[in-house]
K.L.:
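Supplied in structure tokens, the structure appears directly below.
Because the structure is a prediction, the values reported are computed rather than measured. Sequence lines set the chain letters: A, B, ... in the order given, protein chains first and strands last, and positions in each chain run from 1.
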There are 2 protein chains.
Amino acid sequence: MPTHRKPAAGPDDSGSVPYVRVREALFAELKRGRYPPGSRMPSESDLVARFGVSRMTVGRALRDLQESGLLERRQGAGTFATQPHKVASTLRIRDIHEEISSRGHRHRAVVHLCREEPASREVATRLGLVKGAPVFHTVIVHFENETALQCEDRFVNPVCAPAYLGVDFSAVTPTHYLLAVAPFWKAGYTIEAALPGAREARLLGIDRAQPCLIVTRLTENRSMPITVARLTHPGLVYQLEGAFEP
Amino acid sequence: MPTHRKPAAGPDDSGSVPYVRVREALFAELKRGRYPPGSRMPSESDLVARFGVSRMTVGRALRDLQESGLLERRQGAGTFATQPHKVASTLRIRDIHEEISSRGHRHRAVVHLCREEPASREVATRLGLVKGAPVFHTVIVHFENETALQCEDRFVNPVCAPAYLGVDFSAVTPTHYLLAVAPFWKAGYTIEAALPGAREARLLGIDRAQPCLIVTRLTENRSMPITVARLTHPGLVYQLEGAFEP
DNA sequence: TGCGGCCACTTGTCTAGTCAAGTACGATCC
DNA sequence: GGATCGTACTTGACTAGACAAGTGGCCGCA
């Protein structure tokens, strides 16, 4: 999200740059409830007169606020304050290694499977291949300070990363490697709660009745799917977190 | 002066608006790998000459790409292509009513509890109150086409919404009502997988061994916590979805 | 009354030029 | 060699004015 929070240079000037000044002023008024949700804001001309800047500058301030989801603008009609619930919170999903080390903890990965296989029908469909085509398959368990945090069951399209199976995945995560050799341009994922499969439970060292948070992620190149991964996390030790601030 | 405006968007034109045309052209080149991560892009002056538009227009295209995380710009140094893995995916969390009706389904809410209570220590801490202070407590089950989708267990700070208990929550969701009377400006949440509590299982009509996706959300006014909610979803019928595309 | 057209207002976008501020790099000086 | 300075280049921001396009209301007419 475009965070338009700057360190707030001066105590009162709230940004010496004109468009920041305008934006912060309107933001403060919005926050104070001067413009209730759905109500009409002053027009660009009004703001030009009020702040003594050009229309381009006012426009930039308004566009910033619009991109933050605080305003809605309709050509010909005007600028309106939005219902705040339209601003969706966002959640970052990061590389597991990055996430663990950002907490200052130690990350270790154990490779349980790393081979070429014929694609099952489901995997083939997801990767845009035909059933039985060769795909790379890895199963890796990631530990944070010796507790199993994630079981990563991943299929990779060999066309996108021919040398995938030769990588030492105890040293570099598949996510990181794939990003280096095949930058993705599209990604989709689902998050669900479910019980682990038999193998996942065994690898994670948990009971089969223990709920898990499962993230399924599909990343694609410009046109071709690169990889599909199923990331299983024990519910007791793993939570996703997010925050929203306009 | 002459505005070189094409009447119809050609197949290759990709947007008749100049700044969109520039942005799409650069985006396509980035995608094709013409500018490897970290490498220097053409300067604004170069692009002005190449596309025959003004510097403001080139600048807007570049700023768009920068905000998407595809470019990094340093004053005095130049514009550089970024490593794509720095862009994090994002996940939208929406109001349950909005979510259900956007799927074209019917939403129904059943109110199981709606009263004032003294705050437990945990709730008081989260809402920034003292233990035993009166808080509003509602428990509502949301149905999508007669299947229970969410159990919403919510505590509300009475200061922020004094008339909360008088609202008909079978007609309007607490989220929606609270947003109308007390727009929030900060929200944090966690997502986890766990087994439902006894009451939650009963209200949702599911087995206690059935994993649930639990979203805990705390929303705050500019300084004061408004409400804390625990949203329990049966894992079998509810998934969060997200997508990322630059 | 009902309807069509006119018009004021609003946002969307662009231009050409200006000044400011930060960076990189080479030339000069000690 | 090493520090300093100057300069060319780059991005950041702004202005004043222009045209395009969508909206909504008002007015006159049938």
K.L.:
Give the ring-plane orientation class for A/F169 versus A/Y164, where under 30° counts as parallel, over 60° as perpendicular and anything between as tilted.
P.N.:
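Correct class here is tilted.
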K.L.:
Side chain of A/R40 only, heavy atoms from C-beta on: which candidate in C/dT10, C/dG12, D/dG12 is closest?
P.N.:
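Of the options given, the side chain of A/R40 lies nearest C/dT10.
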K.L.:
Would you mind reading off the distance between B/E72 atom CD and D/dG12 atom P, rounded to a whole angstrom?
P.N.:
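Whole-Å distance recorded here is 11 Å.
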K.L.:
Any salt bridge between B/E29 and B/R50, counting N to O under 4.0 Å?
P.N.:
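Salt bridge: yes.
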K.L.:
Of the nucleotides D/dA21, C/dT15, C/dA24, which has the atom closest to the B/A77 side chain?
P.N.:
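For B/A77, the side-chain atoms sit closest to C/dA24.
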K.L.:
Please list residues of residues 56-63 of chain A whose heavy atoms come under 4.0 Å from any atom in DNA chain C, ordered by number; otherwise none.
P.N.:
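Listed by number, they are A/M56.
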K.L.:
From C-beta outward on B/Y19, which listed nucleotide comes closest to its side chain: C/dT11, D/dT11, C/dC14?
P.N.:
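Out of C/dT11, D/dT11, C/dC14, the nucleotide with an atom closest to B/Y19's side chain is C/dC14.
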K.L.:
Any donor-acceptor pair under 3.5 Å linking the side chain of A/D46 with the backbone of A/S43?
P.N.:
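Confirmed, A/D46 side chain pairs with A/S43 backbone.
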K.L.:
Using whole Å, what does the distance between atom C1' of nucleotide D/dG12 and atom CD of B/E67 come to?
P.N.:
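From B/E67 CD to D/dG12 C1': 14 Å.
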K.L.:
Among D/dC14, C/dG12, D/dG12, which nucleotide sits nearest the side chain of A/R73?
P.N.:
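Looking only at side-chain atoms, A/R73 lies closest to C/dG12.
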K.L.:
Testing A/R103, A/R108, A/R106 for salt bridge (Lys or Arg N to Asp or Glu O under 4.0 Å) with A/E144, which one passes?
P.N.:
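So, applying the salt bridge (Lys or Arg N to Asp or Glu O under 4.0 Å) to A/E144 and each of A/R103, A/R108, A/R106, only A/R103 qualifies.
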K.L.:
Whole angstroms only, please: what is the CE-C1' distance between B/M41 and D/dC9?
P.N.:
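Rounded to whole Å, this separation is 18 Å.
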K.L.:
With a 4.5 Å cut-off on side-chain heavy atoms, are A/L213 and A/I191 touching?
P.N.:
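Side-chain contact under 4.5 Å: yes.
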K.L.:
Has the side chain of B/T82 got a donor or acceptor atom that lies under 3.5 Å from a matching backbone atom of B/G69?
P.N.:
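Yes: the side chain of B/T82 pairs with the backbone of B/G69.
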K.L.:
Do B/R217 and B/E152 sit within salt-bridge range, that is, some charged N less than 4.0 Å from a carboxylate O?
P.N.:
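Looking at B/R217 and B/E152, the cut-off is not met.
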K.L.:
For A/R74, answer base if it contacts any base atom (sugar-phosphate contacts may also be present), sugar-phosphate if it contacts only those atoms, and nothing otherwise; contact means non-hydrogen atoms under 4.0 Å.
P.N.:
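Touches sugar-phosphate only.
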K.L.:
Take atom CD of B/E44 and atom P of C/dG22, then tell me their distance rounded to the nearest Å.
P.N.:
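From B/E44 CD to C/dG22 P: 17 Å.
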K.L.:
Between A/R21 (CZ) and D/dA13 (P), how many Å, whole number?
P.N.:
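For the pair A/R21 CZ and D/dA13 P, the rounded distance is 14 Å.
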K.L.:
What's the closest nucleotide to the A/R55 side chain, out of C/dT15, D/dT15, C/dT13?
P.N.:
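That would be C/dT13.
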K.L.:
In whole angstrom, give the distance that lies between atom CG of B/L65 and atom C1' of D/dT11.
P.N.:
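Whole-Å distance recorded here is 15 Å.
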K.L.:
Look at the side chain of A/S43 and decide which nucleotide, out of D/dG12, C/dG12, C/dT10, has an atom nearest to it.
P.N.:
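Nearest to the side-chain atoms of A/S43, counting from C-beta on, is C/dT10.
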K.L.:
Rounding to a whole Å, what distance do you find between B/Q75:CD and D/dT11:C1'?
P.N.:
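That distance rounds to 5 Å.
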K.L.:
Measure CG/B/L47 against C1'/D/dT11 and give the value in whole Å, please.
P.N.:
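Atom CG in B/L47 sits about 12 Å away from atom C1' in D/dT11.
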